[in-house]
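Please read the structure below before turning to the comments.
In this chain, numbering begins with 1 at the start of the sequence shown.
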Amino acid sequence: MTTLKELAALLNISVSTVSKALNDSHEISENTRIRVKELATKLNYRPNRIAQQLKTNKTKIIGVILPTVTNPFFAEVLHGIEKTATNNDYDIIVCLSNETLHKEKRSLDLLANGSVDGFIIAVARESQVKEQTDHIKSAIKSKLPVLMFDRVVDDIECNKVIVDDFQSVYDATEHLVVKEQRKNILLVSNIEELSVGQLRISGYTKALEDHNLELHILKLDNAMDTDVEKKIYDYLEQNTSVDAILSIDHVTGIVAINMAKKLGKEIPKDLSVVGFGYEHTQLLSSPKISIIHQKAHKIGEMSTKLLIDNIKDENLKMQTIVVPSELKLSESSKTEF
């Protein structure tokens, strides 16, 4: 493997000059930087990451702990994280908690031994349900920068990137009531025990209370409920007055469309449907579902930028960034009012 010393000897310049040229130092002329980089490319030079780590006490690696990647939201966030990290000369190590407290603790312990410069994490379902997050607090106490996104814990002081879950659902419910004249709106929830789920239910509840309308909430057991189709079908069959469905996750809105069609309902003539998702979600149903677009890729970008800023400046003031969502109407909503 070619070394800095060998490059310097071949170019008849000092090792420090080669190092500065490779790092685009303004102390080095453009001509020299070009010569150094051309030779480094020709000889397939690769920086010694271990030597750099010893010198700077930084790994240039970010640990990412996700509940799952089967959920398109987290997959899209991860894409935003990876792209932004690469653009800032960082690498990432990804661990999956599989929604369990044990795996989340294990992942944090594994990477908190000097392998990474900081963490980006969405808290596991079990950790939130059991309210056990001391492992995250311990990482922060050890001066390891931690950023939470989407699923956050209010009493942990760290940087956070979130969607305004309350307001986004309030606005979507308000749209269904005011613009589409819907009076019996069913909210389908399978994330009630999560912080984001509670905020979304609160947004729906407040909007209907503001219009003196009755609440209709179908609470599914959890995200892995195997009877989702049957429960939604049975509810719609038994509650024929329902004229709109608001799904607060990425799956049940599409299931609701399928079950409503199975019952012979015309969408959106008889029933409007709005769910959470991203632009490609609208390609997965017929008619195309209206969505609350969370801009997951943007969340990944903002999370990575904020964490890197924190890594570079440990005294950076903690902040919570809200990435605004957008109600994107499509074929499952009325278009003529």
Mark yes or no for whether Asp117, through its side chain, and Ile62, through its backbone, hold a donor-acceptor pair below 3.5 Å.
no

Gap separating the CD1 atom of Ile34 from the CD atom of Glu38, nearest 0.5 angstrom
6.5 Å

Ser19 side-chain N/O to Val15 backbone N/O, donor-acceptor pair under 3.5 Å
no

Side-chain heavy atoms nearer than 4.5 Å, only ILVMFWY residues, links allowed to pass through others: does that put Phe149 and Leu96 together?
yes

Would a hydrophobic clustering, with Ile, Leu, Val, Met, Phe, Trp and Tyr connected at side-chain separations under 4.5 Å, put Ile28 with Leu7?
no

Taking the inter-plane angle between the rings of Phe276 and His250 on a 0 to 90° scale, is it parallel (under 30°), tilted (30 to 60°) or perpendicular (over 60°)?
tilted

Working to the nearest 0.5 angstrom, can you tell me the gap between Asn12 CG and Thr17 OG1?
10.5 Å

I need the Leu147 CG to Thr304 OG1 distance, nearest 0.5 Å.
8.0 Å

Shared hydrophobic cluster, Val242 / Leu263 (ILVMFWY, side-chain heavy atoms < 4.5 Å)
yes

side-chain contact (heavy atoms from CB on, under 4.5 Å), that's the test. Do Leu236 and Asn239 meet it? Break it down for me.
CA-CA 5 Å; Leu236 292 177; Asn239 298 270; over 6 Å; no

Run the side chain to side chain donor-acceptor pair (under 3.5 Å) check on Glu209 and Thr205 step by step: do they pass?
CA-CA 6 Å; Glu209 288 177 348; Thr205 301; 5.8 Å; no

Is it true that the side chains of Ser290 and Ser333 contain a donor and an acceptor less than 3.5 Å apart?
yes

Does the side chain of Val18 come within less than 4.5 Å of Lys5's, by heavy atoms?
no

Verdict with reasoning, Val77 to His297, per side-chain contact (heavy atoms from CB on, under 4.5 Å):
CA-CA 5 Å; Val77 171; His297 195 278; over 6 Å; no

Taking atom types as modelled and ignoring hydrogens, do the side chains of Thr32 and Ser29 form a donor-acceptor contact shorter than 3.5 angstrom?
yes

Kindly say whether Ala139 contributes a backbone atom to a donor-acceptor pair with the side chain of Lys143 at under 3.5 angstrom?
no

For Gln181, look at atom CD and say whether over 12 heavy atoms of other residues, nucleotides or ligands are found less than 6.0 Å away.
yes

When you look at NZ of Lys298, are more than 12 heavy atoms from neighbouring residues, nucleotides or ligands closer to it than 6.0 Å?
no

Face-on cation placement of Lys60 at Tyr90 ring, 6.0 Å and 45° thresholds
yes

Between Glu174 and Ala207 the two heavy atoms that sit nearest each other are N-CB, 4.3 Å

Examine distances only and state if a side-chain atom of Arg151 and a backbone atom of Ala124 form a donor-acceptor pair shorter than 3.5 Å.
no

Taking Val169's backbone N and O only, do any of them form a donor-acceptor pair with Thr173's side chain (distance below 3.5 Å, no angle check)?
yes

Any chain of hydrophobic side-chain contacts (each under 4.5 Å) joining Leu110 to Ile61?
yes

Side chains of Thr68 and Glu99 only: does a donor on one sit below 3.5 Å from an acceptor on the other?
no

Inspect the contact between Glu27 and Lys20 and indicate whether a charged nitrogen and a carboxylate oxygen are less than 4.0 angstrom apart.
yes

For a quick check under 3.5 Å, do Glu301 and His79 share a side-chain donor-acceptor pair by atom type?
no

Min side-chain heavy-atom separation Leu194-Arg125 under 4.5 Å:
yes

Side chains of Ile162 and Val152, heavy atoms from C-beta outward: is any pair under 4.5 Å?
yes

If you look at every heavy atom in Ile321 and Leu306, which pair is closest and at what distance?
CD1-CD2, 3.8 Å

Is the shortest heavy-atom distance from the side chain of Ile140 to the side chain of Leu144 under 4.5 Å?
no

I'd like to know if the side chain of Lys206 and the backbone of Ile201 have a donor-acceptor N/O pair within less than 3.5 Å.
no

Determine whether more than 12 heavy atoms belonging to other residues, nucleotides or ligands lie under 6.0 Å from atom NZ of Lys288.
no

Quick one: do the Tyr170 and Asp210 side chains pair a donor with an acceptor below 3.5 Å?
yes

Taking all heavy atoms of Ala172 and all of Ile292, pick out the closest pair and write down the distance.
CB-CD1, 3.7 Å

Asp227 side-chain N/O to Lys230 backbone N/O, donor-acceptor pair under 3.5 Å
no

For Thr252, does its backbone N or O pair with a side-chain atom of Asp249 as donor and acceptor, under 3.5 Å?
yes

Would you call Arg35 and Leu11 a side-chain contact if the rule is heavy atoms closer than 4.5 Å?
yes

Might you point out which heavy atoms bring Ile257 and Ser332 nearest each other, and give the distance in Å?
CD1-CB, 4.2 Å

Does Asp243 use its side chain to pair, donor to acceptor, with the backbone of Lys183 at less than 3.5 Å?
yes

Just so I know, are the side chains of Glu104 and Ser127 near enough to count as touching, which here means a heavy-atom distance under 4.5 Å?
yes

Under a 3.5 Å distance rule, please check whether Asn71 uses its side chain to pair with a backbone N or O of Phe73 as donor and acceptor.
yes

Please determine whether residues Val177 and Phe166 belong to a single hydrophobic cluster, defined as Ile, Leu, Val, Met, Phe, Trp and Tyr linked transitively by side-chain heavy-atom distances below 4.5 Å.
no

Interatomic distance, Ile92 atom CD1 to Leu78 atom CG [nearest 0.5 angstrom]
5.0 Å

Can you confirm whether Leu43 sits close enough to Glu6 that some side-chain heavy atom of one is under 4.5 Å from a side-chain heavy atom of the other?
no

I'd like to know if the side chain of Ser272 pairs up with that of Arg182 as donor and acceptor (distance under 3.5 Å, no hydrogens or angles considered).
yes

Does a side chain donor of either Asn98 or Thr100 reach within less than 3.5 Å of an acceptor in the other side chain?
no

Please tabulate, one pair per line, all N/O donor-acceptor pairs under 3.5 Å involving side-chain atoms of residues 308-319, not counting sequence neighbours.
from: Asn310; atom 1: OD1; to: Asn159; atom 2: ND2; distance (Å): 3.4
from: Asn310; atom 1: ND2; to: Asp313; atom 2: O; distance (Å): 3.4
from: Asp313; atom 1: OD1; to: Asn315; atom 2: N; distance (Å): 3.0

Going by distance alone, is a donor N or O of one side chain under 3.5 Å from an acceptor N or O of the other, for His102 and Glu126?
no

With His216, which of Asn184, Val188, Leu187 fulfils side chain to side chain contact (heavy atoms under 4.5 Å, CB included)?
Asn184

Separation between CG of Leu66 and OG of Ser97, rounded to the nearest 0.5 Å:
8.0 Å

Could you walk me through whether Asp155 and Lys137 pass side-chain contact (heavy atoms from CB on, under 4.5 Å), step by step?
CA-CA 10 Å; Asp155 66 352; Lys137 294 176 182 177; 3.6 Å; yes

Heavy-atom pair of closest approach, residues Ile254 and Ser285
CG2-CB, 4.1 Å

Please round to the nearest 0.5 Å and tell me the distance separating atom CD1 of Ile93 and atom CG of Asp91.
8.5 Å

Mind checking whether Val146 and Ile121 have side chains closer than 4.5 Å, heavy atoms only?
yes

Would you say that more than 12 heavy atoms from the other residues, nucleotides or ligands in this model lie under 6.0 Å from the CZ of Arg106, or not?
no

Evaluation steps, side-chain contact (heavy atoms from CB on, under 4.5 Å), between Leu246 and Leu186
CA-CA 6 Å; Leu246 179 58; Leu186 170 66; over 6 Å; no

Which atoms form the tightest heavy-atom contact between Val123 and Met148, and what is the distance?
CG2-CE, 4.2 Å

